[in-house]
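If you're wondering where the values come from, they're calculated on a predicted model, not measured in any experiment. All ligand and atom numbering here is 1-based and tracks the order in the structure.
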Amino acid sequence: MTATDVTDLHEEFDGDRLPPGQRETTKFPVLSKGDTPDWDPETWEFTVSGAVEDDLAFSWDDFLDLPAETQTQDFHCVTGWSKFDCEFTGVTFLDLAEMAGVEDDVVHVMFSALDGYTTNLPLDACMREEVLFAYEFDGDSLPREHGGPLRVVTPHKYAYKGAKWVDGVEFLTEPERGYWEKRGYSNTANPWNEERYS
Ligand SMILES: Nc1nc2c(c(=O)[nH]1)N[C@H]1C(S)=C(S)[C@@H](COP(=O)(O)O)O[C@H]1N2
Ligand SMILES: [Mo]
């Protein structure tokens, strides 16, 4: 699959490719609030719910049948490291939103994950081509510790906005805060504005 390069998105935020206060690493550190949760491909289910015309539920096989794309993206962790040129393959948020039919009064989105993690974003921060539900990294299955089987990637935000082990997306008519947003991380998380903590 040919990759779409979205590593120029920093231009939209009037910033350098390396956001302020970040240092580049070629490693891919693991940051999780706890252990990597188990998952069973036979029983795993990914749901799209909330203020949508059609609730959706996908088995693992169904999810893999959805149209996918590959993008080259940068990854910015709030703890200060950035990793350039990550190749992620997955389903776009835009495609899933289109399938579900987002109702007019939706303003916000909550992602939930197998380890109990949650994270939130305004709808307009999700309706962007680079927000992916990714299941491959650099041509292989997404490593379990990095969120396999499925994670969200948000290269326009610090990486805590991308839920690893994601298994649910809920469309909301009021903003709500997720796991780290309730514990002092920035709700907005723009790396070029150093929105780290609130
Ligand atoms: N489900 C889940 N997603 C998560 C986390 C987590 O603990 N659980 N940690 C977040 C944080 S704080 C960061 S920095 C990134 C780290 O992703 P990585 O471990 O692949 O580097 O995942 C985010 N997504
Ligand atoms: Mo993080």
Side-chain angles (χ1 to χ4, degrees), residues 6-7 18-41 44-49 58 60 63 70-91 93 96 109-122 125-126 128 130-170 176-198:
V6 300
T7 59
L18 188 67
Q22 297 290 104
R23 67 200 129 68
E24 195 189 341
T25 177
T26 53
K27 300 192 195 99
F28 197 176
V30 173
L31 280 117
S32 307
K33 70 178 179 66
D35 293 335
T36 295
D38 291 332
W39 84 290
D40 177 352
W44 182 89
E45 190 179 64
F46 174 82
T47 59
V48 180
S49 63
F58 298 93
W60 180 236
F63 199 86
T70 300
Q71 295 183 11
T72 307
Q73 305 190 341
D74 296 340
F75 191 100
H76 308 295
C77 177
V78 71
T79 61
W81 54 270
S82 293
K83 181 174 173 60
F84 289 165
D85 297 319
C86 303
E87 203 180 274
F88 289 108
T89 299
V91 178
F93 185 97
L96 273 178
V109 177
M110 187 69 75
F111 299 89
S112 50
L114 295 176
D115 61 340
Y117 189 77
T118 53
T119 186
N120 63 280
L121 278 174
C126 296
R128 297 175 53 103
E130 71 274 12
V131 179
L132 292 181
F133 293 88
Y135 50 77
E136 283 181 19
F137 171 71
D138 284 358
D140 290 312
S141 298
L142 180 66
R144 295 278 293 112
E145 65 276 19
H146 286 298
L150 188 69
R151 79 171 299 161
V152 180
V153 286
T154 56
H156 59 320
K157 300 289 182 184
Y158 289 123
Y160 63 88
K161 291 292 183 181
K164 305 198 285 189
W165 313 296
V166 66
D167 70 346
V169 182
E170 189 181 359
E176 275 179 39
R177 284 177 180 252
Y179 182 87
W180 281 121
E181 292 87 357
K182 283 182 187 157
R183 291 166 174 79
Y185 277 25
S186 165
N187 204 18
T188 47
N190 176 353
W192 291 277
N193 222 5
E194 283 203 78
E195 295 162 0
R196 297 177 196 270
Y197 309 102
S198 62

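Cation-pi geometry between K33 and Y117 is not satisfied (NZ or CZ under 6.0 Å from the ring centre, within 45° of the ring normal).
In this structure, the side chain of Q73 engages the main chain of E130 through a donor-acceptor pair within 3.5 Å. In this structure, K164 contributes its side chain and L31 its backbone to a donor-acceptor pair below 3.5 Å. With hydrogens and angles disregarded, no donor-acceptor distance shorter than 3.5 Å links the side chain of R177 to the backbone of N187.
Remark: aromatic rings of W81 and F75 are close, center separation under 6.0 Å.
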Yes or no on side-chain hydrogen bond (donor to acceptor under 3.5 Å, both in side chains) for T119 and E181, after CA distance, side-chain angles and deciding distance? CA-CA 7 Å; T119 186; E181 292 87 357; 2.6 Å; yes
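Protein neighbours of ligand 1 below 4.0 Å, counting non-hydrogen atoms: F28, P29, V30, L31, S32, K33, F75, C77, W81, A113, D115, Y117, H146, R151, A159, Y160, G162, A163, K164, W165, W180.
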